[in-house]
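We name chains A, B, ... by the order of the sequence lines, and we start the count at 1 in each one. Heavy-atom basis, side chains included; hydrogens, waters and symmetry copies ignored.
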Amino acid sequence: MNLRRMPFTREIGWLVLAFLYLPVFILVLYSFNGNRTATVWTEFSVKWYARTFHNPSIQVAAWNSIILAITASFGSTVLALLAAMAARHFFKGRSAVEATLNAPLILPEIVIAVATLILVVSVGVELGLMSMIPAHVAFCIPFAYLPIRARIQGMDAGMEEAAMDLYCNRFSTFRRVTLPLLWPGVLAGFTLAFVTSLDLFLVSFFLAGPGSTTLPVYIYSAIKAGISPEINAISTIMLVVSIALVMVSFAFGRMRR
Amino acid sequence: MPSAVDIRNVSKSFGRGAYAVEVLKSVSVEIAHKEFFTLLGPSGCGKTTLLRLIAGFEAAQKGQILIDGVEMSSLPPFQRPVNTVFQSYSLFPHLTVAQNVAFGLEGTGASRSEVKRRVGEALEMVRMGDFECRKPSELSGGQQQRVALARALAPRPKVLLLDEPLSALDLKLRKQMQIELKQLQEEAGITFVFVTHDQEEALTLSDRVAVMHQGRILQLDDPRTIYEHPSHRFVADFIGDINFLEGRVDTRGVIALKCGAVLADSRAGATHGDISVAIRPERAKRVPTGQGNVDGTLIQSVYLGTGLLHQLRLPCGSVFLLREAAAEAAPLPAHGGTVGIELPAAAISVFAS
Ligand SMILES: Nc1ncnc2c1ncn2[C@@H]1O[C@H](COP(=O)(O)OP(=O)(O)O)[C@@H](O)[C@H]1O
Ligand SMILES: [Mg+2]
């Protein structure tokens with residue numbers, strides 16, 4: 001059956017796209033609105049961006065988000081790289097291990113958030129960045145893992161044999177051949193994990209202590225006080241940064257080596 | 001002095017239990033220093049596996065491998081004094097040609113200037129001196145092949161292992177590289193263990209050839225003996241064109257062929273019963289009708305430049321190939337005419353069947 005011949009396929013398609021992207025478009029548009037009322041357009045202005053940059057709570061939240069994203073993506077990329085190296089060779093329970101690593105893709109985020117909260121509280125660790133980092137790392141692992149795994153599967157095993165043939169032990173083979181060949185995948189995984197951590201809301205919301213608010217958590221609490229153009233501005237910045245990073249990640253993923 | 005490579009009763013299986021497949025069956029070979037040694041056999045006979053055992057990428061279940069008198073089985077690949085030219089070259093795509101060639105020299109304790117000098121030498125040897133800064137992806141197949149050779153030769157290994165290094169090249173380039181390879185081996189004075197499934201390549205290059213079949217070495221001899229005195233029917237069939245004639249031999253060594261010919265062969269007496277007689281097309285002689293061991297009818301005659309190849313039908317129905325030099329050829333009968341075929345006793349090999 002030809003899908004194109006179905007009545008209204010095109011119209012339905014446009015509706016879906018509009019439903020998905022129109023709100024985002026309006027949010028971006030109104031972040032440049034000079035008027036404080038979020039629903040009335042008056043003139044073009046970037047003053048909300050200026051205010052956003054000077055707002056101390058947003059500054060703190062942005063810093064927290066960035067620190068968290070860097071540590072979480074670094075940690076998860078290292079773990080994902082080790083896991084991907086191990087998963088190259090068959091061992092009993094390999095698929096179970098891979099499924100566990102990728103569980104955060106499927107498990108409801110709220111469940112992970114609540115469970116981690118209970119764990120953190122019962123162990124007696126203070127809420128804050130120190131409890132958020134491990135949770136972010138765990139959550140970001142599959143996003144770092146998938147691009148690295150794809151690289152490893154596409155890698156010619158003969159390369160490492162050639163290195164060992166030329167007197168490299170296991171460690172220098174990894175350093176001089178394996179890692180350079182996997183590097184685009186590692187970078188792709190790192191950026192993808194970075195974006196994931198930036199956008200992570202529920203886990204951060206549950207585990208954040210005083211002073212460790214992240215941007216998504218800040219936006220959520222600010223919006224309860226009413227929609228402000230500042231929120232539109234900070235949301236637009238997050239949107240642009242996320243899209244840019246995902247594009248960077250894809251570019252790394254497609255890089256030839 | 002110990003041999004360059006000494007392989008003693010090596011057996012190798014892949015898989016476990018009921019799924020185990022024995023790929024090498026008690027293989028023993030001694031390879032001399034500076035020898036050009038070739039493993040020849042059809043695809044799947046275990047050539048690559050034997051090479052990988054020597055290099056250390058696989059471990060044998062039984063037997064020993066000694067290089068220059070030193071037992072290798074406990075040593076990982078990076079501690080063995082051998083280098084490999086891989087079938088797919090396996091050049092490092094992220095490194096330049098010069099960096100690829102320097103790869104095995106770094107970490108040997110050689111100084112930076114020493115490494116640079118030896119990289120230059122190795123690249124000169126394969127005439128790739130002008131390509132130092134290129135990446136492997138910017139080279140043609142033949143050029144990649146040369147770089148792979150330079151990379152493996154630069155650390156001056158005791159033994160160089162080459163796994164079908166020329167099979168990806170087109171015919172003309174392959175012929176040219178064969179000559180260069182032989183020259184290189186003589187200049188460098190390194191033992192070569194060369195793997196190929198191309199019998200012509202094996203015969204032209206090697207000092208000695210081991211013909212492998214289903215995980216065993218059937219015959220190990222110099223090229224001429226392999227070609228002229230094959231020890232097994234498989235070897236005779238695998239190397240070059242050959243005619244097989246079925247028959248029986250009695251205890252006195254008289255061979256009665258199904259096609260009617262009767263031959264005497266003193267060596268054949270040991271194997272009485274059903275046998276096949278093998279003779280190469282260029283060793284059989286065309287003689288006037290009735291004067292040879294058997295007559296054949298001419299089916300077709302092909303001019304090959306170097307000679308004439310006749311297809312003849314024997315009385316039993318099978319086809320016989322006969323080659324002769326074009327210049328000396330007596331006038332041919334018309335198609336369907338008969339010619340005599342002589343099977344000189346010195347030219348035949350006899351195999352039990
Ligand atoms: N790693 C392996 N696992 C299982 N079987 C293998 C493996 N490597 C080779 N074989 C088998 O061993 C046999 C010999 O292979 P190989 O040494 O590559 O032959 P050749 O190089 O002569 O073509 C083949 O039947 C092949 O399928
Ligand atoms: Mg092979």
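- When the candidates B/Pro77, B/Gly104, B/Ala55 are compared by the number of heavy-atom contacts under 4.5 Å with chain A, B/Gly104 comes out ahead.
- More than 12 heavy atoms of other shown residues, nucleotides or ligands fall within 6.0 angstrom of atom NZ in B/Lys182.
- Other residues, nucleotides and ligands contribute more than 12 heavy atoms inside 6.0 Å of the CZ atom of A/Arg88.
- With a 6.0 Å radius and a threshold of 12 heavy atoms from other residues, nucleotides or ligands, A/Phe74 has its CZ atom at or below the threshold.
- If you take CE on A/Met159 and OG on B/Ser88, they are separated by 7.0 Å, rounding to the nearest 0.5 Å.
- Atom OG1 of B/Thr84 sits about 9.0 Å away from atom CD of A/Glu161, to the nearest 0.5 Å.
- Taking all atoms of both residues into account, the shortest heavy-atom contact from B/Ser90 to A/Ala162 is O-CB, 3.8 Å.
- B/Pro157 is listed as a side-chain neighbour of A/Tyr167, based on a closest heavy-atom distance under 4.5 Å.
- From B/Gln79, atom CD reaches atom CE of A/Met164 across 12.0 Å, with rounding to the nearest 0.5 Å.
- For A/Asp156, the part lying near chain B is the side chain, with the backbone staying farther off; criterion is any non-hydrogen pair under 4.5 Å.
- Within a 6.0 Å sphere centred on CZ of A/Phe91, heavy atoms belonging to other residues, nucleotides or ligands number more than 12.
- To the nearest 0.5 Å, the span separating SG on A/Cys168 from CZ on B/Phe103 amounts to 3.5 Å.
- Only the backbone of B/Arg80 comes within contact range of chain A, with heavy atoms under 4.5 Å apart.
- By the neighbour-count criterion of 12 heavy atoms within 6.0 Å, atom CZ of B/Phe14 is densely surrounded, having more than that number from other residues, nucleotides or ligands.
- The CG atom of A/Asp165 lies 7.0 Å from the CG atom of B/Leu161; values are rounded to the nearest 0.5 Å.
- Most heavy-atom pairs under 4.5 Å with chain A: of the set B/Phe92, B/Phe78, B/Phe57, this distinction falls to B/Phe78.
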